[in-house]
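Single-structure report; data block below.
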Amino acid sequence: TGGADDSGEGTLKVGLAVPNQQSPFFVAIRQSLEAEAKAEGVDVVFADAKNDSDAQVSQIQDFITQGVDAIVYIPAGATAATVPVRSAKEAGIPIVTVDRNPDGAPGDTFIATDSVSAAEALGEWVVEQTGGQGELGIIQGQVGTTPEQARDEGFQEGIAGSDIVEVARQASTAWLQDEGYDIASDMLQAHPDITILFGRADGLALGAAQAAQNAGLEEILVVGFDGDPSGLQAVADGELGATITQQTTLMGALALDSAVKLIAGEEVPAEQLQDGILTTKDNVQDFITTHP
Amino acid sequence: MRRALSGAGGPLIGLIVLFVLLSIFAPNFLTARNLINVVDQVTVLGILALGATAVIITGGIDLSVGAVLALSTMVLGVLSHTAGAPLWLAMIAAVAVGGLAGMVNGLAVSIARLPPFIATLAMMSAARGLANLLTDGQQITGYPEWFFDLSSQRYLGLFSITAIALVVLYVIGWAWLKYRASGRAVYAVGGNPEVARLAGIKVKSVVTWVYVAAGVLAGLAALVQASRLDSSQPSAGTGIELDVIAAVVIGGASLAGGSGRVVGTIIGVLIIGVLHNGLNLLGVSSFVQQIIIGVVIAGAVLTDTLRRRRT
Amino acid sequence: MRRALSGAGGPLIGLIVLFVLLSIFAPNFLTARNLINVVDQVTVLGILALGATAVIITGGIDLSVGAVLALSTMVLGVLSHTAGAPLWLAMIAAVAVGGLAGMVNGLAVSIARLPPFIATLAMMSAARGLANLLTDGQQITGYPEWFFDLSSQRYLGLFSITAIALVVLYVIGWAWLKYRASGRAVYAVGGNPEVARLAGIKVKSVVTWVYVAAGVLAGLAALVQASRLDSSQPSAGTGIELDVIAAVVIGGASLAGGSGRVVGTIIGVLIIGVLHNGLNLLGVSSFVQQIIIGVVIAGAVLTDTLRRRRT
Amino acid sequence: MTSPTHDRILEVRGISKTYPGTVALEHVDLDIHPGEVVALLGENGAGKSTLSSIIAGVTVPSTGSMRWGGEDYAPGSPADAIAAGIGLIHQEMRLLPELTVAENVVIGRWPTRRGFVDAKAMRSRAEAQLARLGFTGTMDQRVSELSVAGQQQVEIAKALLLDASILILDEPTAALGQDETDALFACIRTLRAEGVSFVYVSHRLAEIAQIADRIVVLRDGSVISQHENGEVPPAQLVREMVGRSVDRLFPTIDVPRERVVLSVRGLRDGAGRFEDIDFDVREGEVFGIAGIVGSGRTELVRSIAGLEAREAGSVTVDGATLHADRPREAIRAGVVMIPEDRKNQGVILTESVESNIALSNLASLARGGWVAPKRVRAFARDTVKSFGIKAMPAQTVGSLSGGNQQKVVLGKWLARKTRVIILDEPTRGIDVGARASIYEIVQRLAHEGNAIVVVSSDLDEVIGLSHRIMVLAAGRNVGVLDDGHISAEAIMKYATGADYLPAVVDVSAS
Ligand SMILES: Nc1ncnc2c1ncn2[C@@H]1O[C@H](COP(=O)(O)OP(=O)(O)OP(=O)(O)O)[C@@H](O)[C@H]1O
Ligand SMILES: Nc1ncnc2c1ncn2[C@@H]1O[C@H](COP(=O)(O)OP(=O)(O)OP(=O)(O)O)[C@@H](O)[C@H]1O
Ligand SMILES: [Mg+2]
Ligand SMILES: [Mg+2]
């Protein structure tokens, strides 16, 4: 099927499936994709799975029924489910995967941040700032998810060989700021000697920074990941030492452009990995003005 | 047939109105392919809601179905992938684990006399924790092709095995509650447990087995979902408990117990399913969808309340 | 004082046991600073649970508190940031919006006679959708320093303004339910609405105002949350409704209505707060935490049930 | 009593009330003058409660109007009626079981001081009203701990506190014993002297002669007759109510056979509510249990029916021992029990007549666990007919009049094979006509060889039905009266004397 059922004369229609609307990261990608689509004259329909992979399968089925010309799929759940990709391919609709790529059934092209090397850069920066000394507490995202694993792996490599010791780690369930706050305040209670806090997302890191401030431990170095607007602001204000800015504007636009190209039958690389940019006080102002 | 449906008046009218509106306004809504999709989309919700109907008739509530589904699906995955058991055995084990969780719920309610809300809330937390713990939060992907086909292969060009299972389960559930002595007992227990006890009904055992049934159905729903997603995820079914209860109540059951009908529940399930599907087809933004869904849920139940008050 | 606490026997014992165990095993648990942390951590839950206590005493339930909190916090953010209103005005508006949502809930329950579960589930969906819609899902960050200080500045080296507000609200709530005629009416309505009506109590108005109170408290909780996080997030309060209800029921209220006590609720809130805090201090993994929390919730209520059965 | 000649204070004109399928009231006129007791009589379902509820603002009439003190009166809620000075004691008790006695009495009218509820004033007010009624409990007891009689007294006290000028009492004595009834009447007389009017609904015709100034008889929703004084021969009232004459209320029951069916030995309950109970009941025998309210009769028979745990003793039926706390076992042995509390133990109010009747007979109605709706319906229809229940099988029991509900309870249990039938207050709230037919059923069941145990606070009833009567006082058997020695005086002597003269107990028991 696919194509020109009734979506107007020649206007392309792209379906965007996002895992949730709670995370600024997904919101940013959606907004950038929608902006790009507007500029290109492409219609976008989007569906929010509220973190439920099962709902997401249904939503992709509905996209196919609607006769979208291409699908941009940001998988919900711990790791990517294969079924949406399979169904799209069966229906002959090109599919772009973003952020997570299903094992065994990859999208026609995959767009993501190279989290491992970005996290490694973050780890190296932390070593540099602390002289390789200190006690580290980690506020994890949702355990078992791809981003959590990649950020862990990269950061460990980054601090490998230094004398930084990890004294505590605790998982959040939904990457949320208030979770970060509560976890960090308890963590600092149990381990008052912590000098470094790594929140696996900016929300978590921001919560942690507030907890540190409330505990009167302002000299703790708090770092995050994502480069949300609020995260960037916090870096500028000195609440966060550093974060990794994911190029959401670029990724959103790229996803749409790739989809359009795939519809036109053009070649698109199987993987389009973007750098996560280490962001500190030095370069944050640029990113606040225009998010990459 | 007309008899069976007439009692479900209010919600049925709601479903028909919704159906007509979407047929007119939503492109591609009224196509065989889409309607089949809807059935596939509501299979998991529908199976869970069947168990919840019986639980709610007894005057109870089951908040743990989503978490038990997750636990069952992880047991399926771990046994078949990590432990290397044959898939059919893992399937049986997954359903059994669901039943076991239901048994714990049932005994907590009937013997320990915990309020159902608390007993199943505790189970919700514990089962979710266990589901996560089994693989440290990771999902398990890739089942054999035949397993995937259960939910994707369409027989006679129409129904998948899982859709047929849904229908069969509803027919069994309907006949049971309506024509079995033990089904009647479920209504009596919910209507007034003391009267039921005086009538010689084993109230505790009825309550326990109803929760077991809900647990077994959650186990079956786990199989359906694993087949649909071709994977097992510890986050499966998060938050679905409220949708399940909403479907049953939209279908005309009262949370006070003593009333509720299987035919009503399937209508409630379809209202939720059709609504989601239709709004997606219309391309309504998900934020606006949330608002519309809230309004429609309230509206559907309101129709029913008004209709009953008139008579 | 002893009188006030004695009625809360079961849950109080649970809290004390928990407290003693954590003092022994959890490093730094029994320090002034940590206990103050616990109070800060439970402020939002506590404020919501106060409203939920009244709602549950009437035999109702309010699933919308988390979503209404989110709506209020977004109203606060949008008015003060986007619309440029002075913060104090935005604060009043946020609380008013909470009260308005509560009013809609209350009228839906009392006038339209929707089951409270459905009315507030619909509100939960709609309010969450609206909260998201206001900023298209984005959060709003950065409030003035004085606003942030409300929750972070400790007076007398001990309590923040928000913690003091929590205590004051509980004292008011306690006195109201116990000593005001309208508070007594809440119990009568929950015990049996028909009896209350025959006694000349305006049942509908009591029910409506109780939901309004719950909405206003959700609005106040939104202010606390915004101050604590120095930001407004449309995802705030997701899933908190079940914790809120659990706290009230652990505190001895019955979902059947007619019973429940403010003193019990605060104990329920503290049990949940202390447990989370203690398990975090112990460094227990979040998956194991879920299991332990499930078991403790069931255990706490079981103690209470057993104690009551004995007498 | 001189009939009051003042103006009427309440005029009811042309009131009708229809429910789907039923006309509950049809064009009823009624006047009430200050300081009189108007008795409202009629068989079950005649519309007495409906009329009472309309006057008290609980139910809105379909048509018709009312005037109160010369002004139009159309109460939209009980609050309006209370404000106008009209109070109602509902036929079904309306209390909050989890709250204290005091709280229940002052509900909706909490005394306050500076805006706060004054607990002390609350207790003393409640106490003042309850003392007039001879209430024996305490103010801080939870209502759920009271006996049915105590609860009824709380219900009455609640209405007395309203300072109403008209009090409507809908079967206030149905759950009361003789002493409590006397106290209530004394109370009514005092208030009447103060100018308070009463509408008094009762099925106990003996009471009517004692208390009524005027009598209004309803039949099928219409006023059939009015009497300007209370001294109307009961037989005439019965004829007017039922539309035929009931010449003999109590049928003659055959002499019992020799064979013992039910045998109770040394029964004792853990909470001390009864002790050392021994008795046998033979085939065809009606064994009465009398005693003042709270003497433990209900607990005793519940224990016999296997509904409670017990501490010691045995119950055998046809020689087979029944275990405690196993209702199923007792039912299988043919023991059935008609409970006194029909609302909480007798019927499921939200279910249909048909389902309620089917519920107790699922075992016999099902074939291999499957229930055929046709069989259930036919069975229900037969029962409705043979017990004269005024209802459709598909109607919910909650919408039936109180008496008809009671008949459903009887019907659902007696439409099966039985050996031992225990009736706890079987005719509470039942009209004379229906009463006679229930007694006929008892006669039939006795004739069929059942052993029958009747517990009743209505002395005439126990005396009229029983071959032998056991008198219970404070949970002890204080005497068993045989056929020739049964009299109301003897029963009352045993029942009340036991409290003061425990020595008598040993002499007369045996
Ligand atoms: N809510 C209702 N719905 C339908 N019918 C009703 C309802 N309430 C009462 N009725 C019917 O109205 C008639 C009059 O009932 P009512 O309760 O007034 O009788 P009553 O004279 O008080 O009888 P009883 O002596 O048994 O208490 C009955 O036939 C009853 O079934
Ligand atoms: N659930 C209960 N909790 C506490 N006490 C109770 C309970 N039920 C009954 N009692 C008490 O036990 C005693 C015996 O009650 P029971 O009901 O057996 O008496 P009865 O002679 O049948 O009187 P009634 O006319 O009230 O039925 C009474 O004093 C009563 O107050
Ligand atoms: Mg009546
Ligand atoms: Mg009794």
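Not measured: the values here are computed from a predicted model. So that the names make sense, note that chain A is the first sequence line, chain B the second, and so on, each numbered from 1. All values below were derived from every heavy atom in this structure, side-chain atoms included, with hydrogens, water molecules and symmetry-related copies excluded.
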(request) With a 4.5 angstrom heavy-atom cut-off, could you sort out which part of B:Gln290 is near chain A: side chain, backbone, both or neither? (result) side chain
(message) So for B:Phe148, is it side chain, backbone, both, or neither that comes closer than 4.5 Å to the heavy atoms of chain A?
(response) side chain
(request) Output, in order, the C-alpha distance, side-chain angles, deciding distance and verdict of side-chain contact (heavy atoms from CB on, under 4.5 Å) for B:Arg228 and A:Val83. (result) CA-CA 7 Å; B:Arg228 239 169 92 76; A:Val83 180; over 6 Å; no
(request) Please round to the nearest 0.5 Å and tell me the distance separating atom CD of A:Gln59 and atom CG of B:Leu279. (result) 11.0 Å
(message) Using a 6.0 Å cut-off, check whether atom NZ of A:Lys38 has over 12 heavy atoms from anything other than its own residue.
(response) no
(request) Check whether any side-chain heavy atom of B:Gln139 lies under 4.5 Å from a side-chain heavy atom of A:Ser53, and answer yes or no. (result) no
(message) Heavy-atom pairs under 4.5 Å with chain B - which of A:Asp48, A:Asp52, A:Asp54, A:Thr173 has more of them than the others?
(response) A:Asp54
(request) With a 4.5 Å cut-off on heavy-atom pairs, point out which of A:Val45, A:Val18, A:Val57 contacts chain B the most. (result) A:Val57
(message) Measuring only between side-chain heavy atoms, which start at C-beta, is A:Arg86 closer than 4.5 Å to B:Asp230?
(response) yes
(request) Test side-chain contact (heavy atoms from CB on, under 4.5 Å) on B:Asn132 and A:Val143 and set out the steps. (result) CA-CA 9 Å; B:Asn132 274 315; A:Val143 173; over 6 Å; no
(message) As a quick check of understanding, evaluate side-chain hydrogen bond (donor to acceptor under 3.5 Å, both in side chains) for A:Asp62 and B:Gln41, giving each step before the final call.
(response) CA-CA 10 Å; A:Asp62 293 343; B:Gln41 290 169 8; 2.9 Å; yes
(request) Would you check if A:Asn51 and B:Thr238 make a side-chain contact, meaning some heavy-atom pair closer than 4.5 Å? (result) no
(message) Once rounded to the nearest 0.5 Å, what's the spacing between atom CD1 of B:Ile240 and atom NZ of A:Lys50?
(response) 12.0 Å
(request) Calculate, to the nearest 0.5 Å, the distance between atoms CZ and OG belonging to A:Arg30 and B:Ser285 respectively. (result) 7.5 Å
(request) Between chain A and each of B:Val284, B:Asn277, B:Asn34, count heavy-atom pairs under 4.5 Å; write down the option with the most. (result) B:Asn277
(request) Without swapping roles, check the side chain of B:Asn28 against the backbone of A:Thr65 for a donor-acceptor pair under 3.5 Å. (result) yes
(message) For the CG atom of B:Asn280 and the CD atom of A:Gln66, what is their distance to the nearest 0.5 Å?
(response) 7.0 Å
(request) To the nearest 0.5 angstrom, please state how far the OG atom of B:Ser152 sits from the CD atom of A:Glu90. (result) 7.5 Å
